[in-house]
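To start, the structure itself, in structure tokens.
Numbered from 1 within each chain, the chains take letters A, B, ... in sequence-line order. Note: hydrogens, waters and symmetry copies are ignored here, and every other heavy atom, side chains too, is used.
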Number of protein chains: 2
Amino acid sequence: MSGKPALKRTVGADAGGNSDAGSSAAGTIAPVDDRSVAARLFAILDAFAAPAGATSRTLTLTTIAQRAGLPLSTTHRLVAEWVSWGGLSKHENGQYSLGMKLWELGVQTPTARNLRTIALPYLEDLYETTREHVHLAILDGRDALYLEKLSGHHAVRLISRVGARLPLHSTGVGLVLLAYAPTDVVQQYLAASLERFLPRTVTEPEAVRQRLAEIRLLGLARMSEEMTAGSSSIAAPIRDRTGQVVAAVSIVTRTTDTVDPEQERAVRLAAQGVSRALGYRRAQQS
Amino acid sequence: MSGKPALKRTVGADAGGNSDAGSSAAGTIAPVDDRSVAARLFAILDAFAAPAGATSRTLTLTTIAQRAGLPLSTTHRLVAEWVSWGGLSKHENGQYSLGMKLWELGVQTPTARNLRTIALPYLEDLYETTREHVHLAILDGRDALYLEKLSGHHAVRLISRVGARLPLHSTGVGLVLLAYAPTDVVQQYLAASLERFLPRTVTEPEAVRQRLAEIRLLGLARMSEEMTAGSSSIAAPIRDRTGQVVAAVSIVTRTTDTVDPEQERAVRLAAQGVSRALGYRRAQQS
DNA sequence: TAGTTGCTTCCATTCAGTGGAAGTTCTGGT
DNA sequence: ACCAGAACTTCCACTGAATGGAAGCAACTA
């Protein structure tokens, strides 16, 4: 959801003409915040998620107040509520961070929990046979949401991590998810302009559509140097018992100039394994 | 937490002799709920965590209201707030479940995230060499909280799962965590009576203390048939840069009558690997 | 068809949440 | 050591947001 601290100033000056009589007349600058208590509480948590990636695992009260667009005293009180419940925790230095309670509840979330539990053994197999980064992601809104990531010690540095959101058009899992998404989702996704991360990122809508068709044909996506320099990926769809694609697996490898059919086979196998475990029977759909 | 429900007289207020709904004679006493809005919101989430294990991935509005101890209309409104933020999601059938947003925030929780990220490669190694269930847990309150669990397809059925809480005295990781916990924690833990799960569960405080000493001496815990019939476990402590024990790794195997030194070595290695990755240098402490 | 259970909407009442301001603690500059 | 300024905590009078009883729907089922 958008950022924008939803702080609304009602400025008398505007000709806005809502003649709501009385009070808010001339020149009054009344910062009106019509968020409910709940919304304010959520805004506080959102302050921790706010800026993608690197920033801020821990925040000070003041920072939270700013990001949430709340007065300090209010923030203070609400943060205390979170802390007493365990949703936030306060450290010695006075900084706050997300609390264990959130983690505990978070891992109970059905989609994440079920998919992960079922898929993990297959992802491990895939990791063992390929020794490459292994990803599991689902489609959420306009992003690929990374549910799981396995990688060894030697691992190439990647942006992905569990819980990360990455674009659909520039990642292997993303393209697979998009390829099997309802047409209106594709439509909408391609309507907005697609960010180019590297020279090879495909951002032209028609070219993307073309690709999606190929992926459906092959049942496999191949990406190369489109998100992170030096890395390529191979991704395949995971289906549930209804035949619908609900997730995607991928491996991310260092870019080479030869295609490794063994790797592709391994990714396919993993995806099929998980699909079967989810109750998918090939027979049902072509 | 505070919160004895205070009692307040409901004003009679009955102008005309309205049927008092039979509830009671004049001067009705109604329990007043002095929880804050925040506390009520949290109570709603807690309704999903409530009964350990198997129960309820999804709940109806009424069930939530009951478990949270809130009037239906209030529940209705507050649940709607959670849904609009993404903390809960509403399914077609009208049932509610924990939402993806919670998962997303949950995995950001520093302790969980950092430990997991660092430990995972070592856990994978351990899994590969032993092919047994691999656990990673931390001490939280009076429980061992399971941060990670790896297991293959053939896996023996176990109660543990990511996010689970299991007793300290009847699990490998639990005993290790207890062995290196501050004395007052041990004191308090042993003060309460310890549940016996199987005939071999050690529940006598002095016997447990004895065991903890042995574990500290060996730097390793061995459990057998104390929580789940037919399974045994080997656990070792993970230390951070200050030398403090912050977590424990274990493998859970089918019980055999011979001790496998290779397995013990593997668990030790994994624990040491993670500790080193956390910045622990053996030199610091004996 | 009437009864039951479960969800949603409405709205007058009131009390919980609000936030400005004053008080307190921590930080770092000289 | 001393002070300035920032960051945090506490206080409390005021008010509009949250409350929950009740009535209205909707979906089952006996």
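- Note: NE2 (A:His76) to P (C:dT24) measures 15 Å, nearest angstrom.
- A donor-acceptor contact under 3.5 Å links the side chain of B:Ser73 to the base of D:dG21.
- For C:dT18, neither phosphate oxygen OP1 nor OP2 lies less than 4.0 angstrom from any side-chain nitrogen or oxygen of A:Thr74.
- Following rounding to the nearest Å, A:Leu70 (CG) and C:dT18 (P) show an atom-to-atom distance of 8 Å.
- Residue contacts for B:Arg35: at a heavy-atom cut-off of 4.0 Å it reaches no nucleic acid atom on any strand shown.
- Along DNA chain D, the nucleotide nearest to B:Pro71 and the one nearest to A:Tyr96 differ in position, and the one closer to the 5' end is contacted by A:Tyr96.
- The minimum heavy-atom distance between B:Leu147 and B:Leu115, with the atom names listed, is CD1-CD1, 3.7 Å.
- With rounding to whole Å, A:Leu41 atom CG is found 11 Å from C:dG17 atom C1'.
- In terms of phosphate contacts, A:Lys90 brings no side-chain nitrogen or oxygen within less than 4.0 Å of OP1 or OP2 of D:dC8.
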Got a list of side-chain donor-acceptor pairs under 3.5 Å for residues 105-112 of chain A, not counting sequence neighbours?
residue: A:Thr109; atom: OG1; partner: A:Gly106; partner atom: O; Å: 2.9
residue: A:Thr109; atom: OG1; partner: B:Gly99; partner atom: O; Å: 3.4

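- You'll find the side chain of A:Tyr96 reaches within 4.5 Å of the side chain of A:Lys90, heavy atoms only.
- You'll find that the side chain of A:Leu78 is closest to C:dT18, out of C:dT18, D:dT19, D:dC8.
- Summarising the geometry, the separation between CG on A:Leu61 and C1' on C:dC26 is reported as 14 Å, rounded to the nearest angstrom.
- Distance A:Ile44 CD1 to C:dT18 C1': 13 Å, rounded to the nearest Å.
- The side chain of B:Arg77 sits closest to D:dG20 out of D:dG20, D:dT9, C:dG19.
- Atom P of nucleotide D:dC8 and atom CG of A:Asn93 are separated by 10 Å, given to the nearest angstrom.
- For B:Ser36, the side-chain atoms get nearest to C:dG17 when compared with the rest of D:dA18, C:dG17, D:dC8.
- Nearest to the side-chain atoms of B:Val37 among the listed nucleotides D:dC8, D:dG21, D:dA18 stands D:dA18.
- A sub-4.0 Å separation between OP1 or OP2 of D:dA7 and a side-chain N or O of A:Thr62 is absent.
- You'll find that the side chain of A:Leu72 is closest to D:dC8, out of D:dA22, D:dC8, C:dG19.
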